[in-house]
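Worksheet for the structure shown next.
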Amino acid sequence: MKIIAINGSHRKNKNTAVLLQAVLDEAAAQGASTELLELADHNIKFCISCNKCLGRNQCTINDDDMNSMAEKLLTADGIVLGSPVYWGNVTAMMKNFMDRSRWMHMYKNMLAGKAGAAVTNAGLRNGGQDLVLQIMEHYLSGQGIQLVDARDQNAPLAFTGVSGSLQADFKDGKNIWRRSVEEDEGAMKACRQLGTNIVKTIKGKIIK
Ligand SMILES: Cc1cc2nc3c(=O)[nH]c(=O)nc-3n(C[C@H](O)[C@H](O)[C@H](O)COP(=O)(O)O)c2cc1C
């Protein structure tokens with residue numbers, strides 16, 4: 001079982017990577033083989049909107065790193081997307097990645113049946129995380145990917161999505177910041193649960 005995570009942050013190994021790695025570590029502890037892919041390490045050109053992918057499952061652009069990325073996507077059983085909030089939206093790199101994967105979707109839904117999920121984090125507690133999760137989940141659903149949530153079925157509801165923040169509180173007129181999303185206990189717990197749930201979903205063990 002292979003689970004990959006794609007980090008859309010323009011900064012490698014920072015908060016979004018921490019969340020994705022926590023999902024992968026839990027999945028690995030349950031037997032999955034895992035890989036974290038940083039979009040910042042990949043040269044992915046913009047979609048040129050040639051629309052050739054309407055008639056064939058292939059992209060016109062084939063001289064960049066989308067080829068290796070596509071191979072990882074097509075061979076994975078689970079795909080976790082991560083993006084920090086940039087202006088209430090996914091990052092430009094994440095959006096570019098989505099655009100360039102259109103050929104895996106238009107002619108034939110080539111990623112259909114895989115398991116998938118999204119994680120995000122932002123500076124502020126209410127910094128736009130919900131919309132960013134919706135954007136990534138909309139993308140995953142469009143690809144025919146089965147969405148997995150971070151609910152612990154045997155515990156009281158605590159999280160509706162994996163979203164962290166650096167703002168811990170606002171007290172006496174001042175922001176109280178976390179040094180890293182790693183200090184956001186709820187977000188980290190949700191990541192670990194998500195790792196478990198993805199593995200269970202792939203094994204067909206989640207009972208709806
Ligand atoms: C261009 C840009 C736009 C941002 N927009 C928002 C925003 O709309 N809301 C918010 O709460 N934080 C915003 N942030 C803060 C990031 O979401 C936050 O620093 C996040 O932890 C970065 O993730 P990373 O550490 O994985 O790079 C923005 C940061 C950048 C660079």
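Order of appearance sets the numbers: ligands from 1, and atoms from 1 within every ligand.
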Among Val23, Ile79, Val199, the one residue meeting side chain to side chain contact (heavy atoms under 4.5 Å, CB included) with Ile3: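 Of the listed residues Val23, Ile79, Val199, the side chain to side chain contact (heavy atoms under 4.5 Å, CB included) partner of Ile3 is Val199.
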Shortest non-hydrogen pair, Asn197 vs Arg151, comes out as ND2-O, 2.8 Å
Least distance between heavy atoms, Asn43 atom then Asp64 atom: O-CB, 3.2 Å
Filter the ligand 1-protein atom pairs down to N or O on both sides and distance under 3.5 Å, then list them.
unit_1: ligand 1; atom_1: 5 (N); unit_2: Val85; atom_2: O; d: 3.4
unit_1: ligand 1; atom_1: 5 (N); unit_2: Trp87; atom_2: N; d: 2.8
unit_1: ligand 1; atom_1: 8 (O); unit_2: Trp87; atom_2: N; d: 3.2
unit_1: ligand 1; atom_1: 8 (O); unit_2: Gly88; atom_2: N; d: 3.1
unit_1: ligand 1; atom_1: 9 (N); unit_2: Gly127; atom_2: O; d: 2.9
unit_1: ligand 1; atom_1: 11 (O); unit_2: Gly123; atom_2: N; d: 3.3
unit_1: ligand 1; atom_1: 11 (O); unit_2: Leu124; atom_2: N; d: 2.9
unit_1: ligand 1; atom_1: 12 (N); unit_2: Gly123; atom_2: N; d: 3.2
unit_1: ligand 1; atom_1: 14 (N); unit_2: Val85; atom_2: O; d: 3.3
unit_1: ligand 1; atom_1: 17 (O); unit_2: Val85; atom_2: O; d: 2.7
unit_1: ligand 1; atom_1: 21 (O); unit_2: Asn121; atom_2: OD1; d: 2.6
unit_1: ligand 1; atom_1: 25 (O); unit_2: Arg11; atom_2: NH2; d: 2.7
unit_1: ligand 1; atom_1: 25 (O); unit_2: Asn15; atom_2: N; d: 3.1
unit_1: ligand 1; atom_1: 25 (O); unit_2: Asn15; atom_2: ND2; d: 2.8
unit_1: ligand 1; atom_1: 26 (O); unit_2: Ser9; atom_2: OG; d: 3.3
unit_1: ligand 1; atom_1: 26 (O); unit_2: Asn15; atom_2: N; d: 3.4
unit_1: ligand 1; atom_1: 26 (O); unit_2: Thr16; atom_2: N; d: 2.8
unit_1: ligand 1; atom_1: 26 (O); unit_2: Thr16; atom_2: OG1; d: 2.6
unit_1: ligand 1; atom_1: 27 (O); unit_2: Ser9; atom_2: OG; d: 2.7
unit_1: ligand 1; atom_1: 27 (O); unit_2: Arg11; atom_2: NE; d: 3.0

Do Asn51 and Arg102 have side-chain N/O donor and acceptor atoms under 3.5 Å apart? yes
Report the distance from atom NZ of Lys45 to atom CZ of Arg100, rounding to the nearest 0.5 Å.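 If I round to the nearest 0.5 Å, the distance is 8.5 Å.
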Can you confirm whether or not the ring centre of His10 sits under 6.0 Å from the ring centre of Tyr86?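 That pair passes the under 6.0 Å test.
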